[in-house]
Peer 1: 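This is the structure I want to talk about, given as structure tokens.
Letters A, B, ... are given to chains in the order of the sequence lines, protein chains preceding strands, and every chain is numbered from 1.
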Amino acid sequence: MPAKKKSHPSEKIKALSPSGKKDNNFFSQVYEVARQIPKGRVTSYGAIAECLGTKGSARMVGWAMNGAHQVKPRVPAHRVVNRIGMLSGKHHFGHPQRMQQLLEKEGIKVKNDQVVDFAKKFWKPE
DNA sequence: AGTCTGACTAGTA
DNA sequence: CTACTAGCCAGAC
């Protein structure tokens, strides 16, 4: 029975220790940047990673996003897509169409799992 | 302790 | 254009 148990990184976040954990710091940074994404804009994992100084570790950003669903304050993970504007993370939402719906609700047009005018909607973190 | 996977990206063939 | 590889780093087994 091929049942791969995918643990969510958020478990760690939820049980974060105020004492200080470096992994938690990285996650927090990702969330912080993600929250700065203006409504109606999107960004890419690589952009966030670069902003954090960990360019090349875009995977870690995606991994951090995996736990963003239950992090408080809420993180607009739906505004984060891959470099070509594709909703690569839609499968990680409650429903695969949830992400697209959230984006369209904010004025982002999505077609075929891709953000329309991605270059115009793209927002680069500071 | 070694191996595999992953919401990524850039480069090469 | 597509296919594959390497780098990245944390977590699960």
Peer 1: Can you identify which nucleotide, out of B:dT9, B:dA7, C:dA10, has its nearest atom closest to the A:H92 side chain?
Peer 2: B:dA7
Peer 1: Within this structure, what is the CZ-to-P distance between A:F26 and C:dG11, rounded to whole angstrom?
Peer 2: 10 Å
Peer 1: So which one's nearest nucleotide on DNA chain B is more toward 5', A:G62 or A:K55?
Peer 2: A:G62
Peer 1: Could you tell me whether A:T54 contacts a base, only the sugar-phosphate backbone, or nothing, with contacts defined as non-hydrogen atoms closer than 4.0 Å?
Peer 2: nothing
Peer 1: Classify the side chain of A:H69 and the base of B:dA7 as holding, or not holding, a donor-acceptor pair under 3.5 Å.
Peer 2: yes
Peer 1: How many whole angstroms separate atom CG of A:L103 from atom P of B:dA7?
Peer 2: 18 Å
Peer 1: To the nearest angstrom, how far is A:M65 atom CE from C:dA10 atom C1'?
Peer 2: 16 Å
Peer 1: Find the distance between CZ (A:F27) and CE (A:M60) and round it off to the nearest 0.5 Å.
Peer 2: 8.0 Å
Peer 1: So A:G46, base contact, sugar-phosphate only, or nothing? Heavy-atom distance under 4.0 Å.
Peer 2: sugar-phosphate
Peer 1: Starting at atom CG of A:L52, determine the distance to atom P of C:dA10, rounded to an integer number of angstrom.
Peer 2: 13 Å
Peer 1: Taking the side chain from A:R79 and the backbone from A:I37, do they hold a donor-acceptor pair closer than 3.5 Å?
Peer 2: yes
Peer 1: Go ahead and write out DNA chain B as dot-bracket, 5' to 3': ( ) for pairs within the strand, [ ] for ones crossing earlier pairs, | when the partner sits on another strand, dots for unpaired; Watson-Crick or G-U wobble, both distances under 3.5 Å.
Peer 2: .|||||.||||||
Peer 1: Where is the tightest heavy-atom contact between A:H92 and A:N66, given as atom of each residue plus distance?
Peer 2: ND1-OD1, 4.1 Å
Peer 1: From the list B:dA7, B:dA10, B:dG6, which nucleotide is the closest neighbour of the side chain of A:N66?
Peer 2: B:dA7
Peer 1: Of the candidate nucleotides B:dG6, B:dA7, B:dT9, which contains the atom at the shortest distance from the side chain of A:F93?
Peer 2: B:dA7
Peer 1: Is there a donor in the side chain of A:H78 and an acceptor in the side chain of A:E106, or the other way round, less than 3.5 Å apart?
Peer 2: yes
Peer 1: Counting heavy atoms from C-beta on, name the nucleotide in B:dG6, B:dA7, C:dG11 closest to the side chain of A:S88.
Peer 2: B:dA7
Peer 1: For atom C1', what is the distance between C:dT2 and B:dA7, given to the nearest Å?
Peer 2: 23 Å
Peer 1: In whole Å, what is the span from the CD1 atom of A:I48 to the C1' atom of B:dA7?
Peer 2: 11 Å
Peer 1: Whole angstrom is fine here: how far is it from CD in A:Q29 over to C1' in C:dA10?
Peer 2: 15 Å
Peer 1: Counting only side-chain heavy atoms from C-beta out, which of B:dT9, C:dC9, C:dG11 sits nearest to A:W63?
Peer 2: C:dG11
Peer 1: Between P on B:dA10 and CG on A:N82, what's the gap in Å once rounded to a whole number?
Peer 2: 10 Å
Peer 1: Under 3.5 Å, side chain of A:Y31 to main-chain N/O of A:A64, donor-acceptor pair present?
Peer 2: yes
Peer 1: Between B:dA7, B:dT9, C:dG11, which nucleotide gets closest to the side-chain atoms of A:Y45?
Peer 2: B:dA7
Peer 1: Nearest whole angstrom, please: distance from the P of B:dG6 to the NE2 of A:H91.
Peer 2: 13 Å
Peer 1: Got a donor-acceptor contact below 3.5 angstrom from the A:T54 side chain to the A:A49 backbone?
Peer 2: yes
Peer 1: Any chance you could lay out the side chain to side chain contact (heavy atoms under 4.5 Å, CB included) test for A:L87 and A:Q100, step after step, and finish with the verdict?
Peer 2: CA-CA 8 Å; A:L87 280 57; A:Q100 179 174 337; 3.9 Å; yes
Peer 1: Where the side chain of A:A77 is concerned, which of C:dC8, C:dG11, B:dA7 is the nearest nucleotide?
Peer 2: B:dA7
Peer 1: NZ of A:K105: more than 12 outside heavy atoms within 6.0 angstrom?
Peer 2: no
